[in-house]
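Numbers restart at 1 for each chain; the letters A, B, ... are given by sequence-line order, proteins then strands. Just so we're clear, the structure is a prediction, and the values are computed from it rather than from any experiment.
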Amino acid sequence: MNDIKLDWKLKLEEALFALALKQGLDISRDNFNLIVETPPKPEMGDLAFPLFPFAKMFKKNPVEIARDVKLYINENDPHSESSINSTGPYLNIKIDLSDITGKIINDILNAGNKYGYTDNYTNKKVMVEFSCPNTNKPLHLGHLRNDSIGMSVSRIMAANGADLRKVNLINDRGVHICKSMLAYKIFGDNQTPDSAGVKSDHFVGDYYVKFNTWSKEFPEAETEARAMLKEWDDGKSDITELWKMMNDWTISGIKETYLKTGVSFDKYYFESKTYMEGRAEVLKGFDAGVFYKEADGSIWADLSEIKLDKKVLLRSDGTSLYLTQDIGTAIARHRDWGFEKLIYVVGSEQQYHFQVLFYILKKLGFEWANDLHHLSYGMVNLPDGKMKSREGTVVDADDLVDELTSIAKKEIIAKERASLVGDLQKTSESVALAALNYFLLQISPGKDMIFDPAESISFSGNTGPYLQYMGARISSMLRKFEDRKDEFTKAKFNPEILVLDQERELIKLLLSFPEIVSDAGKGMNPSVITTYLYELSKVFSRYYHDTSILKDPDKDTVVSRIYLVKAVLQVLKNAFYLVGIPFLERM
RNA sequence: GCGUCCAUAGCUCAGCUGGAUAGAGCAACGCCCUUCUAAGGCGUAGGUCACUGGUUCGAAUCCAGUUGGACGUACCA
């Protein structure tokens with residue numbers, strides 16, 4: 001598609017240039033740069049070139065210029081004559097698809113699940129950090145958005161050729177961890193997740209909630225938690241044991257959720273192991289004069305250069321902070337695996353943190369600090385207000401996925417398809433995931449969003465299940481075709497048959513998929529893919545509705561359309577993968 | 001106070017580096033199942049793109065200001 005655009009752009013620019021010379025204008029070829037657009041309606045053409053910018057140069061109405069260019073092309077390039085149209089101040093081009101339809105469909109079917117891939121990041125190491133849960137409670141809705149974006153961006157970058165590594169940094173250290181430990185020590189009564197019959201991360205999370213209610217009555221709870229952190233730091237063995245046990249419970253529970261939601265990592269980092277990393281680097285920076293020391297011995301960074309205040313990096317007692325740790329982890333990671341790009345998928349509330357982090361790394365002389373990127377995503381709110389994890393108003397990730405699954409199941413049963421889908425439970429889970437991921441990824445990452453549970457589980461309209469349903473209908477059609485294969489042994493794929501408007505629309509969409517993947521990669525924005533998916537499905541739905549494919553009396557027509565349908569399905573599948581929509585043969 | 005982001009239909013959101021009449025879905029109201037899965041298709045209605053000014057042939061889009069909101073802001077993560 002890009003080549004075609006470029007060809008036309010050059011052809012028209014040359015024509016304009018030639019007209020300028022003819023008019024006696026002394027202007028270099030460099031000034032002729034056309035903008036390519038898509039006309040508002042398909043019947044107007046496939047490409048549009050606005051001519052307004054040339055009005056001044058030619059001292060002519062752009063409408064006239066458009067007419068002149070068309071005349072010029074008619075005279076000098078009769079082959080192109082039929083595809084060009086001057087519509088007011090625009091030159092509209094109708095692309096001749098007859099030559100490329102066969103090629104594009106074959107390309108798609110040959111490339112299979114690699115169709116659409118680009119080499120924008122080939123041989124580039126890209127690391128994506130996401131999820132990063134605390135080990136004092138289970139995952140909630142905010143994590144689901146984080147995970148959705150992290151997985152999707154990773155796949156999109158990989159589809160753009162990147163050598164990709166997904167990493168997760170587990171926050172398993174700090175006073176918040178002590179809170180659930182302390183509550184367990186007091187109220188736990190030696191229970192275990194097994195004995196209580198509770199999923200292990202929820203088991204730990206319940207004690208975190210318990211701590212917070214308890215600390216409202218007994219303010220000294222906070223002090224006790226802090227004292228526990230000190231003991232833990234000092235290596236007191238019973239606390240280390242308790243931590244190991246509870247930490248394992250949480251992590252194994254969280255990993256179950258990852259499995260269920262299709263989230264995976266190439267490497268886990270643990271803060272309990274990496275938190276010392278930053279200290280030495282900060283001290284080195286102090287020796288090099290990058291940082292300064294206050295009278296109480298704390299070490300600071302001066303941020304006035306980027307119009308911020310100042311930031312403490314080592315406390316007066318010499319212990320490190322979140323920022324210090326992140327400095328260390330970044331350096332360690334670059335040493336381990338020299339990435340060309342590191343994407344941190346972290347909430348927008350940490351925008352300041354990353355601004356400071358990147359600045360400090362630059363000041364420390366690491367040139368690769370320019371390759372760090374904070375992919376910030378907005379808060380997820382409920383229709384009736386805010387989520388607060390301490391007050392238990394969060395939407396729990398497991399609960400949400402389970403709820404979506406059970407609604408999907410009910411829906412399948414209500415449609416009397418339970419016996420037709422194969423494994424009902426698995427199908428329901430896939431539908432739930434499609435609903436969830438599509439809902440979360442549809443919205444541009446940077447924006448805050450309102451998550452309406454009722455709306456997300458509604459399966460009509462612009463939703464994940466709608467897209468899945470397209471895939472399932474196509475699959476069903478292809479099975480029916482396979483059953484009748486013998487009737488078509490002599491029929492041939494003839495791209496010239498595919499001339500309906502909707503077929504043209506589909507082919508253009510298929511053609512543009514690589515550009516979509518590229519745009520999504522450049523912008524690190526999965527919503528580019530979701531928008532495309534809906535567009536493709538919508539056009540296909542209409543086609544499916546209006547045109548009989550298997551029932552056409554002409555065998556060549558059936559086969560040719562089946563080729564097109566197969567190509568659509570392939571692109572659908574490839575795009576599904578990029579945004580975490582499970583493909584279903586039947587639903 | 002300062003910093004970052006945001007404001008588009010009743011609701012939830014698209015709108016690419018400025019370009020033709022601002023688009024979807026939901027909700028509302030109609031039409032279409034002896035026809036490849038109706039989880040579908042088609043249609044009607046719904047907008048001063050927060051406000052004001054500027055740049056431009058042209059602004060939802062860029063700039064400035066105003067209003068409203070979210071988040072952050074010197075020893076939590």
Touch class at under 4.0 angstrom, heavy-atom based, for A:Asp452 against every strand present: nothing
A:Lys310 side chain, from C-beta outward: closest of B:A39, B:A74, B:G15: B:A74
Atom CG of A:Asp554: over 12 foreign heavy atoms under 6.0 Å: yes
Whole-Å gap separating C1' (B:C36) and CD1 (A:Ile562): 9 Å
Proximal nucleotide (of B:A77, B:C36, B:U12) relative to the A:Ile450 side chain: B:U12
Nearest to side-chain heavy atoms of A:Asn92, which nucleotide of B:A14, B:C42, B:A20: B:A20
Aromatic plane relationship, A:Tyr466 with A:Tyr534 - under 30° parallel, 30 to 60° tilted, over 60° perpendicular: tilted
Of the listed nucleotides B:G41, B:U37, B:A20, the one nearest the side chain of A:Ser476: B:U37
Contact under 4.0 Å: A:Lys538 side-chain N or O vs B:G41 OP1/OP2: yes
Within 6.0 Å of CZ in A:Arg226, more than 12 heavy atoms from elsewhere: no
Options B:C75, B:U21, B:G41, nucleotide nearest the side-chain atoms of A:Leu321: B:C75
Touch class at under 4.0 angstrom, heavy-atom based, for A:Glu535 against every strand present: nothing
Proximity to the side chain of A:Asn134 - top-ranked nucleotide from B:A24, B:A77, B:A39: B:A77
Selection from B:C75, B:G40, B:A14 that lies nearest to any side-chain heavy atom of A:Tyr466: B:G40
Interatomic distance where CG belongs to A:Leu382 and P belongs to B:U12 [whole Å]: 13 Å
Side chain of A:Arg586 (C-beta onward), nearest among B:G25, B:G40, B:U37: B:U37
OP1 or OP2 of B:A74 under 4.0 Å from side-chain N/O of A:Lys311: no
Under 4.0 angstrom between A:Ser444 side-chain N/O and B:A14 OP1 or OP2: yes
Candidate nucleotides B:U21, B:A39, B:C57, ranked by approach to the side chain of A:Lys41 - the nearest: B:U21
Sugar-phosphate, base or nothing in reach of A:Ser518, heavy atoms under 4.0 Å: nothing
Candidate list A:Thr274, A:Thr135, A:Asp233, test side-chain hydrogen bond (donor to acceptor under 3.5 Å, both in side chains), partner A:Arg173, passing option: A:Asp233
Distance-only donor-acceptor test, A:Asp448 side-chain atoms vs B:C71 base atoms, 3.5 Å: no
Among B:C75, B:G72, B:C36, the one nearest A:Arg315 by side-chain distance: B:C75
